[in-house]
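Here's the structure we're looking at; comments come further down.
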Amino acid sequence: MKPFWENEYLNKEKSTFGNPSKEVEDIVSLLPKGAKILDVGCGDGRHSLYLATLGFQVDSFDISESAINKIDYLKEQNNLNINTYVCDVLEFEFKYKYDLIIVHGVLQFIERGKQPKIIELLKNWTEVNGYHIIALFTDEEPVPEDLKDVMVGVFKNGEIKDYYSEWEIRMFESYKFNDEHENGIKHCHALNKVVAKKIMN
């Protein structure tokens with residue numbers, strides 16, 4: 001069974017996951033003009049589209065062809081410059097380092113054994129004084145029944161900070177929230193958010 005968001009990506013008039021997150025909006029003032037940004041597992045572009053409207057250089061990828069088709073449609077409608085790709089994170093071809101990498105609601109869908117390699121890869125392709133914004137689900141709430149086939153890599157609460165011990169942790173949040181999607185599916189999730197700054201190579 002496809003996860004619920006695949007059907008919601010087909011609606012090109014509404015963002016599946018809402019407006020940009022506050023931590024993404026807050027970091028804008030810290031980025032250099034024309035900053036290079038990578039949106040990993042970008043979904044239908046709530047962060048990519050917002051950042052592109054501000055003039056940043058945005059690269060976005062997702063494994064969902066429907067998600068990327070939606071971004072391509074919206075960027076054409078709004079005359080935005082976003083480079084889009086349909087691929088897995090381990091298939092993405094890095095060409096340069098980024099000032100900001102966003103990994104929002106992605107890592108819990110990746111097998112536990114692959115997560116350290118992916119995080120290290122993204123850290124290596126980040127500029128000194130660049131940032132990561134990470135949001136992921138933890139095991140403080142059980143995996144929803146409809147997501148058990150895809151949510152294979154939930155973290156322990158606070159675990160993500162260990163991956164950034166040599167970076168400057170600018171923000172860490174841990175909380176639970178309920179959400180309801182257009183198809184009537186309701187979830188309760190436990191979430192960790194991290195904003196970290198790379199302070200040395």
Side-chain angles (χ1 to χ4, degrees), residues 17-43 45-62 82-83 85 88-90 92-141 151 153-177 189-201:
F17 297 106
N19 296 322
S21 293
K22 184 178 185 300
E23 65 274 9
V24 173
E25 294 178 329
D26 288 347
I27 208 166
V28 165
S29 64
L30 303 178
L31 299 175
K33 184 177 180 180
K36 297 181 180 70
I37 299 173
L38 179 64
D39 193 357
V40 176
C42 58
R46 65 174 176 145
H47 295 128
S48 296
L49 295 161
Y50 165 71
L51 293 163
T53 65
L54 301 177
F56 296 115
Q57 179 181 328
V58 181
D59 295 342
S60 308
F61 67 84
D62 200 282
I82 304 173
N83 300 314
Y85 309 88
D88 178 271
V89 62
L90 292 174
F92 182 72
E93 295 185 12
F94 288 85
K95 300 181 179 68
Y96 39 73
K97 292 187 175 183
Y98 291 91
D99 301 291
L100 170 64
I101 296 181
I102 302 170
V103 192
H104 219 279
V106 176
L107 288 171
Q108 67 268 9
F109 299 114
I110 295 171
E111 294 172 10
R112 294 286 288 168
K114 295 180 179 179
Q115 290 166 347
K117 178 180 179 181
I118 289 168
I119 293 171
E120 198 61 32
L121 175 69
L122 297 176
K123 288 164 65 177
N124 289 339
W125 285 97
T126 304
E127 296 278 13
V128 174
N129 295 318
Y131 296 87
H132 281 191
I133 295 178
I134 311 287
L136 53 83
F137 294 157
T138 72
D139 63 2
E140 295 212 313
E141 283 292 329
M151 197 181 294
V154 293
F155 280 58
K156 301 289 185 185
N157 185 42
E159 177 187 354
I160 187 62
K161 290 191 292 184
D162 296 338
Y163 288 93
Y164 289 91
S165 59
E166 77 280 23
W167 287 35
E168 179 185 342
I169 303 292
R170 301 293 295 264
M171 185 202 83
F172 174 75
E173 294 181 352
S174 175
Y175 60 91
K176 297 180 182 182
F177 70 98
H189 296 298
L191 186 75
N192 280 180
K193 284 185 177 181
V194 171
V195 178
K197 181 178 181 180
K198 185 175 183 177
I199 54 177
M200 64 182 68
N201 274 323

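Note that this is a predicted model, so its numbers are computed, not measured.
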Taking C-beta and beyond as the side chain, do [X] and [Y] meet within less than 4.5 Å on heavy atoms?
{"X": "Tyr85", "Y": "Glu93", "answer": "no"}
{"X": "Val24", "Y": "Leu100", "answer": "no"}
{"X": "Thr126", "Y": "Trp167", "answer": "yes"}
{"X": "Gln108", "Y": "Phe155", "answer": "no"}

Heavy-atom donor-acceptor pair, Gln115 side chain to Gly153 backbone, under 3.5 Å: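 Looks like yes, one N/O pair under 3.5 Å.
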
Donor-acceptor pair, Glu168 side chain versus Ile199 backbone, under 3.5 Å?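 Judged by distance alone, no pair lies under 3.5 Å.
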
Which atoms form the tightest heavy-atom contact between [X] and [Y], and what is the distance?
{"X": "Cys42", "Y": "Asp62", "result": "N-OD2, 3.3 Å"}
{"X": "Ser21", "Y": "His47", "result": "N-NE2, 3.1 Å"}
{"X": "Ile133", "Y": "His104", "result": "CG2-CD2, 4.2 Å"}
{"X": "Lys97", "Y": "Lys36", "result": "O-CD, 3.6 Å"}
{"X": "Leu90", "Y": "Lys114", "result": "CD1-CD, 4.4 Å"}
{"X": "Ala196", "Y": "Ile169", "result": "CB-CD1, 4.1 Å"}

Just how far is it from atom [atom1] of [X] to atom [atom2] of [Y], taken to the nearest 0.5 Å?
{"X": "Asn192", "Y": "Ile134", "atom1": "CG", "atom2": "CD1", "answer": "11.0 Å"}
{"X": "Ile37", "Y": "Leu31", "atom1": "CD1", "atom2": "CG", "answer": "5.5 Å"}
{"X": "Ile101", "Y": "Leu38", "atom1": "CD1", "atom2": "CG", "answer": "5.0 Å"}
{"X": "Arg46", "Y": "Ile102", "atom1": "CZ", "atom2": "CD1", "answer": "9.5 Å"}
{"X": "Lys156", "Y": "Asp162", "atom1": "NZ", "atom2": "CG", "answer": "13.0 Å"}
{"X": "Leu51", "Y": "Ser60", "atom1": "CG", "atom2": "OG", "answer": "8.5 Å"}

Evaluation steps, side-chain contact (heavy atoms from CB on, under 4.5 Å), between Phe109 and Met151: CA-CA 5 Å; Phe109 299 114; Met151 197 181 294; 4.0 Å; yes

For Tyr98 and Tyr96, I'd like to know if the aromatic rings sit close, meaning centre-to-centre distance below 6.0 Å.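 Centroid separation for Tyr98 and Tyr96: below 6.0 Å.
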
Can you say whether the rings of Tyr164 and His132 are parallel (under 30°), tilted (30 to 60°) or perpendicular (over 60°)?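 The rings of Tyr164 and His132 stand perpendicular, inter-plane angle above 60°.
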
Could you tell me how the ring of Phe61 sits relative to the ring of Phe92: parallel (under 30°), tilted (30 to 60°) or perpendicular (over 60°)?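 Parallel.
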
Evaluate whether atom CG of Asp88 has more than 12 neighbouring non-hydrogen atoms of other residues, nucleotides or ligands under 6.0 angstrom away.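 Yes, the 6.0 Å shell around CG holds more than 12 heavy atoms from other groups.
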
Is there a side-chain contact (heavy atoms from CB on, under 4.5 Å) between Leu191 and Phe137? Walk through the geometry before answering. CA-CA 5 Å; Leu191 186 75; Phe137 294 157; 3.5 Å; yes

Run the side-chain contact (heavy atoms from CB on, under 4.5 Å) test on Asp99 and Phe56 for me, step by step, so that the C-alpha distance in whole Å, both residues' side-chain angles and the decisive distance to 0.1 Å come before the verdict. CA-CA 10 Å; Asp99 301 291; Phe56 296 115; over 6 Å; no

Would you sort out whether Ile118 and Val103 count as a side-chain contact (heavy atoms from CB on, under 4.5 Å), showing the intermediate values? CA-CA 11 Å; Ile118 289 168; Val103 192; over 6 Å; no

For Glu166, the option from Lys198, Lys161, Lys123, Lys197 that meets salt bridge (Lys or Arg N to Asp or Glu O under 4.0 Å):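 Running salt bridge (Lys or Arg N to Asp or Glu O under 4.0 Å) over Lys198, Lys161, Lys123, Lys197 with Glu166 returns exactly one hit, Lys123.
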
